[in-house]
Asker: 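A single structure is presented below for examination.
Note that the structure is predicted; figures quoted are calculated from it, not measured. Excluded from the calculations below are hydrogen atoms, water molecules and symmetry mates; all remaining heavy atoms, backbone and side chain alike, are included.
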Amino acid sequence: MQLPFPLAEEPDAFALETGRKLFAGQSEFLKGVVAMSGLPPADRIEVCFAGRSNVGKSSLINALTGTKGIARASNTPGRTQEINFFVQSPELYLVDLPGYGYANAPLSVVEKWQKLLKQYLSGRQTLRRAFVLIDSRHGVKKVDDEIMSLLDSAAVTFQVVMTKADKVKEQDRAKVLDQVRAALAKHPAAYPELVLTSSEKGDGIATLRSIIAHLD
């Protein structure tokens, strides 16, 4: 019997090469958006990355693009309140959503961010998939569940990417994966496959590139 939300299998050689080629070119920061009016033209597909503060989102984007420092990690969680667009190719935008789960951000800032996020997720026709990053050491938290519910309501397919897999012992990882799978079972927009990654070790990066390269 196959587990619900299995780990993504290693892509075949053709799929790996397609992913490598997509991310072989130079990645460039395009703009930071604070209002819907500032969104770039919807002239290519895009994928977005969401995750709570300190989940390793910037490190993952840097590893994916092979461009050190293109997505800057803030020392103050939740400080960056912009939707950041990166040009990966003439066919693809990578979109970095601000880290959520702010402990110190003013309520007015959080509410403004949430409004912009809802508008973006609900109204961006070229958005093909959201990748929700979950720390392999901690599993799904309440704030993660909230963003998943938002993606459900926006009818945006999301796929969970487990970060920092190298920081967890194998027996502990199995427990976290069980918890993540149970949480995802409640979300109709969840894509039925998990990606296990380590930005530091490079694990799962080629697989994630391949997944993105094969989105229509």
Side-chain angles (χ1 to χ4, degrees), residues 3-9 47-65 68-84 86 94-105 110 113-114 117 121 129-152 156-187 189-209 211-212:
L3 284 170
F5 301 97
L7 296 177
E9 294 182 358
V47 297
C48 68
F49 298 86
R52 65 178 180 269
S53 301
N54 294 329
V55 75
K57 183 157 53 67
S58 296
S59 297
L60 181 77
I61 293 173
N62 292 337
L64 264 180
T65 60
K68 187 176 181 180
I70 190 168
R72 293 169 294 180
S74 169
N75 291 326
T76 306
R79 186 181 69 183
T80 304
Q81 299 300 313
E82 298 178 342
I83 297 177
N84 291 313
F86 300 90
L94 303 178
V95 185
D96 183 11
L97 302 179
Y100 53 81
Y102 341 88
N104 302 315
V110 175
W113 185 97
Q114 288 176 335
L117 179 61
L121 292 175
R129 186 168 299 177
F131 292 98
V132 176
L133 278 52
I134 301 295
D135 193 319
S136 295
R137 299 170 298 180
H138 307 305
V140 174
K141 302 282 191 181
K142 185 174 182 289
V143 287
D144 300 314
D145 210 51
E146 289 170 356
I147 198 82
M148 291 174 188
S149 294
L150 179 58
L151 289 160
D152 289 336
V156 174
T157 299
F158 70 87
Q159 185 165 6
V160 162
V161 176
M162 306 292 295
T163 62
K164 306 182 184 182
D166 59 307
K167 308 293 186 187
V168 184
K169 293 179 181 178
E170 196 163 337
Q171 63 268 30
D172 295 330
R173 184 191 300 163
K175 294 176 184 176
V176 172
L177 287 173
D178 285 345
Q179 186 262 358
V180 171
R181 286 170 174 137
L184 289 179
K186 305 170 187 175
H187 294 283
Y191 187 80
E193 186 180 74
L194 306 175
V195 186
L196 205 60
T197 67
S198 165
S199 300
E200 192 173 306
K201 304 288 187 183
D203 299 341
I205 299 302
T207 298
L208 187 52
R209 286 173 177 164
I211 289 169
I212 294 170

Asker: Hey, does L208 have a side-chain heavy atom less than 4.5 Å from the side chain of L60?
Answerer: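 They are in side-chain contact.
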Asker: Tell me whether R181 contacts the main-chain N or O of F5 through its side chain, where contact means a donor paired with an acceptor under 3.5 Å.
Answerer: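 Judged by distance alone, yes, a pair lies under 3.5 Å.
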Asker: With F49, which residues qualify under ring pair (Phe, Tyr, Trp, His ring centres under 6.0 Å), at least two apart?
Answerer: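 F131.
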Asker: Who pairs with D152 by side chain to side chain contact (heavy atoms under 4.5 Å, CB included), at least two apart in sequence or on another chain?
Answerer: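 Listed in chain order: F158, H187, P188, A189.
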Asker: Would you compute the distance between atom CG of L196 and atom OG1 of T207 and round it to the nearest 0.5 angstrom?
Answerer: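 It is 10.0 Å, given to the nearest 0.5 Å.
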Asker: Flag the pair M162 / V195 as yes when at least one side-chain heavy-atom distance between them is below 4.5 Å, and no otherwise.
Answerer: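 In short, these two side chains do not touch, never coming nearer than 4.5 Å.
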Asker: Taking the side chain from T163 and the backbone from L133, do they hold a donor-acceptor pair closer than 3.5 Å?
Answerer: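 Checked: no pair found.
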Asker: Within the structure provided, determine whether I147 and V132 are in side-chain contact (heavy-atom separation under 4.5 Å).
Answerer: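 Sidechains of V132 and I147: in contact.
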Asker: Sequence neighbours excluded, which residues qualify as salt bridge (Lys or Arg N to Asp or Glu O under 4.0 Å) partners of R137?
Answerer: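 Here the qualifying residues are D135.
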Asker: So, S199 side chain and A63 main chain: donor-acceptor pair closer than 3.5 Å or not?
Answerer: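 Looks like no, no N/O pair under 3.5 Å.
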Asker: Can you tell me if R173 uses its side chain to pair, donor with acceptor, with the backbone of A165 under 3.5 Å?
Answerer: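 Judged by distance alone, yes, a pair lies under 3.5 Å.
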Asker: Side chains of F86 and D96, heavy atoms from C-beta outward: is any pair under 4.5 Å?
Answerer: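 Yes, side chains in contact.
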Asker: Hey, does L64 have a side-chain heavy atom less than 4.5 Å from the side chain of I205?
Answerer: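 Touching, per the 4.5 Å side-chain cut-off.
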Asker: So which heavy atom on V55 is nearest to which on K164, and how close?
Answerer: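 Of all heavy-atom pairs spanning V55 and K164, the closest is O-CE, 3.5 Å.
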Asker: Heavy-atom distance under 4.5 Å between the side chains of L117 and L97, does that happen here?
Answerer: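 In contact.
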Asker: For S149, is there any backbone N or O sitting under 3.5 Å from a side-chain donor or acceptor partner on K186?
Answerer: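 It does not hold such a pair.
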Asker: Name all residues meeting the side chain to side chain contact (heavy atoms under 4.5 Å, CB included) criterion together with S198; count only those two or more places apart in sequence or in a different chain, and write none if there are none.
Answerer: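 Expected list: D166, E200, K201, D203.
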Asker: Return the minimal non-hydrogen interatomic distance between L151 and A130, and the atom names on each side.
Answerer: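 Nearest pair, atom of L151 first, then A130: CD2-CB, 3.8 Å.
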Asker: Excluding sequence neighbours, so at least two apart, what forms side-chain hydrogen bond (donor to acceptor under 3.5 Å, both in side chains) with Q179?
Answerer: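 Applying side-chain hydrogen bond (donor to acceptor under 3.5 Å, both in side chains) to Q179 gives none.
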Asker: State which residues pass side chain to side chain contact (heavy atoms under 4.5 Å, CB included) with K141; sequence neighbours excluded, sorted by chain then number.
Answerer: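 Only R52, H138, V143, D144 meet the side chain to side chain contact (heavy atoms under 4.5 Å, CB included) criterion with K141.
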Asker: Just so I know, are the side chains of V180 and I134 near enough to count as touching, which here means a heavy-atom distance under 4.5 Å?
Answerer: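 They are in contact (side-chain heavy atoms under 4.5 Å apart), so the answer is yes.
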Asker: State whether the side chain of R129 and the backbone N or O of C48 hold a donor-acceptor pair below 3.5 Å, judged by distance alone.
Answerer: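 A pair under 3.5 Å: no.
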Asker: Restricting to side chain to side chain contact (heavy atoms under 4.5 Å, CB included), what partner residues turn up for K169, sequence neighbours left out?
Answerer: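 Once residues adjacent in sequence are excluded, the partners of K169 under the side chain to side chain contact (heavy atoms under 4.5 Å, CB included) criterion are Q171, D172.
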